[in-house]
> 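Below you'll find the structure I mean.
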Amino acid sequence: DLASVDKNGAFLSYVITYTRVAGGANATASSAVTNITLSSLQAGGIYFFYVAYSGTGGVGPAAMKSAVLAQDVPGPPVINATTRGISISVSFMFNSTGRFVVSKYCATFRLIATSGVSSPEMTRELCNNSVPWVTLTTTNVGGFIQADSKYQITGIIINTNSVASRGSNNVTVHTDATKPATPRRPTASSVGRHGFVISVRNLSISDINGKLVRYTIRIQSVHGERLIHLNENSSFTYNVTRGIQPGVWYNVSVSATNERAGQSPYSVPLLVRTRQAAPSISPPIVETRASSNTSVRVTWGNLSQRELNGDLANYTIRYRPTVSGSPVRTVVVSPGTMTLELSGLDFYTQYSVSVRAYSEAGAGPYG
């Protein structure tokens, strides 16, 4: 109460004005005595209280006092969890009607079974400061969450006085099985004329999405397509030799397969070429026809890529009279030439004619 000298008139009432720090309009009350009970305040809120003397001479200056209101310990929430692909969403519901202000909603996830590689981290807690749900995804927990895995979840709520509730009911969920991610940046390099090496690095736990059972190497060329299945579950290096030909360009790609969801897309094809070799056979002579008494037209056929073993450089035509001891003559022509006129030959003479092809690696046999 005020001293008589400070009242400046007959007493009417005490005027109380109060407001919450975190927002809200001012409220007022009055009292004829020096104490009052104010209701409908928010538990855990911080309030400023202003008290002024009101008399017949007017309202005097106000005195200020701040206070933090007590709040109840939150009761344990009830949680519900759902999965979608490789993500888990947890929603919170209140299980009590206590007076408190929520600061955080927190969920603890415990990995209890996985078909994939065991995570070095078996538990993870995530909190949300604003809304009553928490979502666990590959974005916010890295490799902790996996496909085709079982998690046990417990939730708590924390009030603004940093007091936590007891744990909620336990909820167990199983994430969906999904296909592995495409293997990243495999490498392929030639090791000779009849082979090349393919190397694949480990997929991360979150990329495997379960238990990895095999890799598949796809090899494509002008000769067709071939698949190689390898029962590997980690990084590997594989030497491909069977069916590989010299001087051939190959498209090589890799996919991964897990136990429950199946095969990933193939990686971007790698282009690799084996070393060239000399042609394995001679070009077939299609026709030799006398075009005059002293000339012969020779026509030959193409070699296949499998027979050529590389890039065609040129053809060499060899010819001589069939009489023993006769000199041998040769003519070199460009890769695009398939017919040659041999002129200046001896009258009415039988000749032996043969053709061979050259690749960038050397000469093939004469036919």
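In this chain, residues are counted from 1 in sequence order.
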> Quick one: list whatever passes ring-ring contact (aromatic ring centres under 6.0 Å, His included) with Y315, sequence neighbours left out.
W300
> Can you name the residues that form a salt bridge (Lys or Arg N to Asp or Glu O under 4.0 Å) with E341, not counting sequence neighbours?
R297
> Under the ring-ring contact (aromatic ring centres under 6.0 Å, His included) rule, what pairs show up with a residue in residues 171-212, not counting sequence neighbours?
F196-Y250
> Taking side chain to side chain contact (heavy atoms under 4.5 Å, CB included) as the test, write out the residues that go with S292, two or more places apart.
T294, S295
> Using the test side chain to side chain donor-acceptor pair (under 3.5 Å), find all partners of S354 that sit at least two apart in sequence or belong to another chain.
R318
> Kindly indicate, with the supporting measurements, whether the criterion side chain to side chain donor-acceptor pair (under 3.5 Å) is fulfilled by Q276 and E360.
CA-CA 7 Å; Q276 298 186 53; E360 297 292 342; 5.8 Å; no
> Which residues pass the side chain to side chain donor-acceptor pair (under 3.5 Å) test with T237, not counting sequence neighbours?
S199
> Name all residues meeting the side chain to side chain donor-acceptor pair (under 3.5 Å) criterion together with Q350; count only those two or more places apart in sequence or in a different chain, and write none if there are none.
none
> V173: what forms a side chain to side chain contact (heavy atoms under 4.5 Å, CB included) with it, not counting sequence neighbours?
A81, T83, I88, Y151, I153, V171
> Decide if the gap between the ring center of F48 and the ring center of Y18 is smaller than 6.0 angstrom.
no
> Can you name the residues that form a side chain to side chain donor-acceptor pair (under 3.5 Å) with Y358, not counting sequence neighbours?
R356
> Taking salt bridge (Lys or Arg N to Asp or Glu O under 4.0 Å) as the definition, give me every residue that meets it alongside R260, ordered by chain and number, with sequence neighbours left out.
D148
> Can you list everything that forms a salt bridge (Lys or Arg N to Asp or Glu O under 4.0 Å) with R184? Sequence neighbours excluded, please.
D207
> Please name all residues satisfying salt bridge (Lys or Arg N to Asp or Glu O under 4.0 Å) with R185, sequence neighbours left out, ordered by chain then number.
none
